[in-house]
Amino acid sequence: MRFSKAVGSVAAATIVATGSFVLVSPAQAEPEVTAADVEKSFDKAELANERLNQISEDAEELDQRIREVSAEIRQISKVYQRQRNELGADIVAQQMAQPLGPTVSLLASDDPDQFLDGLSAIDALNTTRADALASFSKTRVELEKREAQLSEHEKVMAKKVKTAAKTKREMQAAYASAKSDYALLSAAAQSAMSESDITAVRNAGSGSAKKAIAFAMNQLGDPYVYGGTGPNGWDCSGLVMKAYAAAGVSLPRVVGPQMSAGRRVSAADLQPGDLVAYPSMSHIGIYLGGGKVVHAPRPGKSVEITSLSSGFGVYARVS
């Protein structure tokens, strides 16, 4: 069962949000709702998005294993049937020379246990069949083992499909809450939240870090898209993964594993190209130097440059 068939691709299953939200008049604003409240809801949605990304990655690996085991089952089944047919032909030949009564009915049996029990009786009369019988028995055990593995993989996949659906609903709810809170802000607050710095930084970093930064700079202004890995839309971890892939460095898909792939560094030791993440592992960006970070922020905004002080608190170096 393909994960993509069960829940659809992540890009299709999640929310695509671009552009700015519709402004509302100050008269509609409710003072108790702040920009921090909106950002908190967006952060919750992004954390759910990262969980969904991880589920998708795990499911793709499991789907690959399901395909591999299924191929192994098909191959072993061919061997099983060939060995069974050969042993059946030998039974016929022996029956012609030395009738064995009802044992010949084994040829029509679909019950492996009955077939093997009957063959064991024949083997007592004809020890030349012992090796073939042992090989057949081994093949049967291997086939049953693979079939059990496939069944277990499919059960796990079914659970992942359910978890993915639940996580997507959580993400959508958080996103809807963020939009609702955003609509209650004053026009000035909305405008401030929608501003993005897309002034490119050139020639920052060195080696693979420089290449990763250059890639990210080329995406400035591209929209944020939940589950986005380019080329026309990005989520935070998708941008980081593809930026370093362009530099020849393979990183995992999700924020937490991306940070774990690097060596932790302190704020005082930060260099251009280092990964910077929220402590919750809900968001990630690439450090540019000078207290600046390039990242894919949230729905309603585009890839931009922001301040390191805007929530980033965990740092890692991958090159």
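A donor atom on one side chain and an acceptor atom on the other are not found under 3.5 Å apart for Arg84 and Gln81. There is a side-chain donor-acceptor pair under 3.5 Å between Tyr182 and Ser194. In the model, Gln64 has a side-chain atom that pairs as donor or acceptor with a side-chain atom of Glu68 under 3.5 Å. Side-chain polar atoms of Gln83 and Ser135 form a donor-acceptor pair below 3.5 angstrom. Judged by distance alone, the side chains of Asp222 and Asn232 never bring a donor and an acceptor atom under 3.5 Å apart.
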Val293 vs Leu288, test: side chain to side chain contact (heavy atoms under 4.5 Å, CB included). Steps then yes/no. CA-CA 5 Å; Val293 177; Leu288 299 173; 5.8 Å; no
Salt bridge (Lys or Arg N to Asp or Glu O under 4.0 Å) between Glu144 and Arg140: does it pass, once the steps are laid out? CA-CA 6 Å; Glu144 290 178 344; Arg140 176 202 167 193; 3.1 Å; yes
Tell me, with the steps shown, if Ser282 and Asp43 meet side-chain hydrogen bond (donor to acceptor under 3.5 Å, both in side chains). CA-CA 7 Å; Ser282 64; Asp43 186 60; 2.4 Å; yes
Show, in sequence, the C-alpha distance, side-chain angles and deciding distance for Asp37 and Thr34, and conclude whether the side-chain hydrogen bond (donor to acceptor under 3.5 Å, both in side chains) test is met. CA-CA 5 Å; Asp37 295 325; Thr34 67; 3.2 Å; yes
Side chain to side chain contact (heavy atoms under 4.5 Å, CB included) between Val38 and Met193, worked out: CA-CA 9 Å; Val38 178; Met193 285 194 69; 3.6 Å; yes
Hey, mind stepping through His295 and Val303 against side chain to side chain contact (heavy atoms under 4.5 Å, CB included) and telling me if it holds? CA-CA 6 Å; His295 70 145; Val303 176; over 6 Å; no
Stepwise, does the salt bridge (Lys or Arg N to Asp or Glu O under 4.0 Å) test hold for Arg253 with Asp235? CA-CA 10 Å; Arg253 171 66 179 91; Asp235 66 13; 2.9 Å; yes
Could you go through the side-chain hydrogen bond (donor to acceptor under 3.5 Å, both in side chains) check for Arg51 and Gln54 one step at a time? CA-CA 5 Å; Arg51 291 202 308 269; Gln54 186 62 67; over 6 Å; no
One pair to check against side chain to side chain contact (heavy atoms under 4.5 Å, CB included): Leu150 and Arg146. What are the steps and the verdict? CA-CA 6 Å; Leu150 179 60; Arg146 291 293 188 275; over 6 Å; no
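Rounded to the nearest 0.5 Å, atoms OG1 (Thr163) and CD (Glu170) are 9.5 Å apart. Note: Glu304 CD to Gln219 CD = 14.5 Å, rounded to the nearest 0.5 Å. Atoms NZ and CG, from Lys168 and Leu52 in turn, are 8.5 Å apart once rounded to the nearest 0.5 Å. Atom-to-atom distance recorded for Glu46:CD and Met171:CE is 10.5 Å, nearest 0.5 angstrom. Note: Ile286 CD1 to Met217 CE = 8.0 Å, rounded to the nearest 0.5 Å. Separating the OH atom in Tyr80 from the OG1 atom in Thr139 is a distance of 9.5 Å, to the nearest 0.5 Å.
Using a 4.0 Å cut-off between charged nitrogen and carboxylate oxygen, Glu142 and Lys138 do not count as a salt-bridge pair. Between Arg298 and Glu39 there is a salt bridge, since at least one side-chain N of the basic residue sits less than 4.0 Å from a carboxylate O of the acidic one. Ion pairing between Lys160 and Glu61 fails under the 4.0 Å rule for side-chain N and carboxylate O.
Tyr278 has its ring centre less than 6.0 Å from the ring centre of Phe312. Between Phe215 and Tyr244, the distance from one ring center to the other does not fall under 6.0 angstrom.
Listed for the Lys242 side chain is a donor-acceptor partner under 3.5 Å among the backbone atoms of Thr229. Between the side chain of Asn49 and the backbone N or O of Gly227 there is at least one donor-acceptor pair closer than 3.5 Å. The closest donor-acceptor contact from the side chain of Ser191 to the backbone of Ala187 lies at 3.5 Å or more, if one exists at all.
Side-chain contact between Glu147 and Ile73: present, with at least one pair of heavy atoms (C-beta onward) separated by less than 4.5 Å. Between Val201 and Ile305, the closest side-chain pair of non-hydrogen atoms falls below 4.5 Å.
In the hydrophobic clustering of this structure, Leu220 does not group with Met241; members are Ile, Leu, Val, Met, Phe, Trp, Tyr whose side-chain heavy atoms approach within less than 4.5 Å, directly or through other members. The hydrophobic clustering, which links ILVMFWY residues whose side-chain heavy atoms are closer than 4.5 Å, places Val318 and Met259 together. Note on Phe42: it does not cluster hydrophobically with Val276, by side-chain heavy-atom contacts below 4.5 Å among ILVMFWY residues. Residues Val314 and Leu275 fall within the same hydrophobic cluster, defined by Ile, Leu, Val, Met, Phe, Trp and Tyr side chains chained together at heavy-atom separations under 4.5 Å. Under the 4.5 Å side-chain heavy-atom criterion for ILVMFWY residues, no single connected hydrophobic cluster contains both Leu308 and Val255.
Every residue meeting the side-chain hydrogen bond (donor to acceptor under 3.5 Å, both in side chains) condition with Ser307, not counting sequence neighbours, appears here in chain and number order: Ser309.
In terms of heavy atoms, Pro297 sits closest to Ser302 at CD-O, 3.0 Å. Shortest non-hydrogen contact noted between Pro299 and Tyr224 is N-CD2, 3.4 Å. The shortest non-hydrogen separation linking Pro252 to Ala261 is CD-CB, 4.0 Å. Scanning all heavy atoms of the two residues, the minimum distance from Ser237 to Gln258 falls at O-NE2, 2.9 Å. Considering every non-hydrogen atom in both Thr306 and Ser310, the closest pair reads OG1-OG, 3.5 Å. When all heavy atoms of Gly313 and Pro279 are compared, the pair lying nearest together is N-CD, 4.1 Å.
Under a 4.5 Å side-chain heavy-atom criterion applied to ILVMFWY residues, the cluster that includes Leu47 comprises that residue alone.
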